[in-house]
Amino acid sequence: MTAPITQDLLTIPRKLPETPLMNIVGLTRDQLRDALIQAGTPEKQAKMRVGQIWQWVYHWGVRDFAQMTNLAKDYRVFLAERFEISVPEIVTRQVSADGTRKYLLRIAGGHEVETVYIPEESRGTLCISSQVGCTLTCSFCHTGTQKLVRNLTAGEIVGQVMVARDDLGEWPVQGAPKDETRLVSNVVLMGMGEPLYNFDNVRDAMKVVMDGEGISLSRRRITLSTSGIVPEIAKTAEEIGCLLAVSFHATTDETRNMLVPVNKKWNIETLLNALREYPRLSNSERITFEYVMLDGVNDSDADARRLVKLIRGIPAKINLIPFNEWPGVAYKRSSWERIEAFADIVHKAGYASPIRTPRGEDIMAACGQLKSATERGRKSRAEIAAEAAAGA
């Protein structure tokens, strides 16, 4: 069982359609200030205008300049003639029996991505996408069967958070008592795409999401999941500083090459060397190692013992993920007994080893299952095998 070799760091360009108005969603404060000045806002006023617009858009959730009542009427008209406040459009919205919500969102150019909201007792996690499709072709991942179309803009990444808050009715109401309840309390960059292949846009989007005068999510409430793009890991620590999760999934290079083909470029030893520095550089508590449990592939007691030996010295927890099967995939989920035995070895070695409860499986919203419903029909086993053979 093999998978195509991943493409290089450069992704396939796909030109965005030209529009007469600049979208301010996703611009950092500095970028918004520069855009306002370039449009004709006096430089001395620009910082104040950024603060006013920022609060309307990211605190109150306003999408119409006309509603920004602390701005002069002629300045509101000035803004509306030059800028827009645009977020992705919901194409379909599915709600799972367990309350998980999956949104299929249309972005510029007519492309589509998926975003998933997972409600739990103590928090609500929004799983957002960073690319249309993916380059990585991880052999167990449904999204990996799609070709990469393009990177999402910072506005399209921030826009996913804003759309979810719209749907959940989470924006505060002016004049109402302050409500500290956060329905979207956590964001995970674990949707479609590899975030570190779209670093600049992800970084800028997270600056917006973390800004204390807007959406205001702490960096400790944001987790970026990477398959191991080693050159970008230190930059993530220094320029974003969020929590880091790594799609690890194997304890030997031979198995990881098959499951996560980017391992052929940056192998386990190289990846672990980069990860050892991350908690210090980012002031993070620990790294999460994601480990999907595949029957007879990576789930033996020997694998568990190798895993704890490999990560020794790294502050870490290991998320064990029961494999979410999808039509045409060649793998099966490990038995519950096998998963528990694996978890027990990891736990006895001193690491937290929670077993992730599969969520949203009935709407194909579970980990590794995201794939736009409007993509061409589901591939058969034979088609996937043929593509893998062609790329090997």
Side-chain angles (χ1 to χ4, degrees), residues 16 19 21-72 75-88 107-108 126 128 130 151-166 170-172 174 182 184-187 189 195-196 198-224 232 235-243 282-283:
L16 288 162
T19 56
L21 304 177
M22 176 183 279
N23 186 16
I24 66 171
V25 174
L27 298 181
T28 64
R29 283 182 179 267
D30 288 344
Q31 290 166 345
L32 179 55
R33 179 181 177 276
D34 291 346
L36 292 177
I37 292 170
Q38 194 169 355
T41 300
E43 196 165 334
K44 288 183 178 178
Q45 294 181 16
K47 185 176 180 182
M48 176 184 70
R49 296 303 187 204
V50 167
Q52 291 170 320
I53 294 167
W54 196 274
Q55 188 174 48
W56 282 112
V57 174
Y58 297 119
H59 178 74
W60 298 112
V62 165
R63 306 289 155 76
D64 184 352
F65 292 111
Q67 294 178 31
M68 299 183 180
T69 50
N70 62 345
L71 300 176
Y75 190 67
R76 286 181 255 164
V77 172
F78 164 87
L79 291 172
E81 288 173 347
R82 294 162 177 80
F83 299 97
E84 63 180 355
I85 306 165
S86 178
V87 299
I107 58 173
L126 189 70
I128 62 178
S130 56
N151 288 332
L152 296 190
T153 65
E156 290 162 346
I157 296 169
V158 175
Q160 294 172 71
V161 180
M162 297 172 74
V163 165
R165 296 195 78 188
D166 288 350
E170 194 179 13
W171 300 106
Q174 292 183 59
R182 295 302 296 262
V184 178
S185 64
N186 294 67
V187 164
L189 286 142
L196 297 190
N198 187 17
F199 181 85
D200 289 354
N201 287 324
V202 167
R203 176 200 59 213
D204 290 350
M206 292 306 101
K207 280 184 181 178
V208 174
V209 169
M210 291 187 288
D211 188 287
E213 294 180 17
I215 295 170
S216 190
L217 283 183
S218 155
R219 65 184 183 85
R220 294 186 182 277
R221 294 279 187 171
I222 296 169
T223 302
L224 184 150
E232 308 297 302
K235 278 175 67 179
T236 303
E238 292 160 358
E239 297 183 33
I240 304 176
C242 60
L243 301 182
S282 66
N283 197 27

List the atom pairs, donor and acceptor, that lie under 3.5 Å between side-chain atoms in residues 50-58 and the rest of the protein, sequence neighbours left out.
residue	atom	partner	partner atom	Å
Gln52	OE1	Arg49	NH1	3.0
Trp54	NE1	Asp211	OD1	3.3
Trp56	NE1	Asn70	OD1	2.7
Tyr58	OH	Gly26	N	3.0

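Leu36 is listed as a side-chain neighbour of Leu79, based on a closest heavy-atom distance under 4.5 Å. Residues Ile24 and Phe65 are in side-chain contact: their nearest non-hydrogen atoms beyond the backbone lie under 4.5 Å apart. Counting heavy atoms from C-beta outward, Arg182 and Leu217 have side chains that approach closer than 4.5 Å. In this structure, the side chains of Thr236 and Phe199 come closer than 4.5 Å at one or more pairs of heavy atoms. Looking at heavy atoms from C-beta onward, Ile128 lies out of side-chain contact with Leu152 at the 4.5 angstrom threshold. Counting heavy atoms from C-beta outward, Met162 and Val208 have side chains that stay 4.5 Å or more apart. Residues Met210 and Ile240 form a side-chain contact, since some pair of their non-hydrogen atoms from C-beta on lies under 4.5 Å apart.
Minimum interatomic distance between Arg221 and Ser185 (heavy atoms only, all atoms of both residues): CD-O, 3.2 Å. Here the closest heavy-atom approach between residue Ala35 and residue Phe83 is recorded as O-CZ, 3.7 Å. Counting all heavy atoms, side chain and backbone alike, Trp60 lies closest to Trp171 at O-CB, 3.6 Å. Of all non-hydrogen atoms in Val202 and Ser130, the two that sit nearest each other are CG2-CB, 4.0 Å.
Residues that satisfy the side-chain hydrogen bond (donor to acceptor under 3.5 Å, both in side chains) test with Asn201, not counting sequence neighbours, are Asn198. Legend: residues meeting salt bridge (Lys or Arg N to Asp or Glu O under 4.0 Å) with Arg203, ordered by chain and number and at least two apart, are Asp200, Glu239. Applying the side-chain hydrogen bond (donor to acceptor under 3.5 Å, both in side chains) test to Glu213 and every residue at least two apart in sequence or in another chain returns Arg29.
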Candidate pair Leu224 and Leu196, rule side-chain contact (heavy atoms from CB on, under 4.5 Å), full reasoning: CA-CA 9 Å; Leu224 184 150; Leu196 297 190; 3.8 Å; yes
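Note on residues 52-68: pairs passing salt bridge (Lys or Arg N to Asp or Glu O under 4.0 Å), not counting sequence neighbours, are Arg63-Asp166. Pairs passing the side-chain hydrogen bond (donor to acceptor under 3.5 Å, both in side chains) check and including a residue from residues 32-43, sequence neighbours excluded, read Thr41-Tyr75.
Taking CD1 of Ile222 as the reference point, atom CE of Met206 lies at 5.5 Å (rounded to 0.5 Å). Distance CD1/Ile157 to CG/Asp204: 9.0 Å, rounded to 0.5 Å.
At least one donor-acceptor pair closer than 3.5 Å links the side chain of Glu170 to the backbone N or O of Val184. Formation of a donor-acceptor pair under 3.5 Å by the Arg76 side chain with backbone atoms of Leu71 is found in this model.
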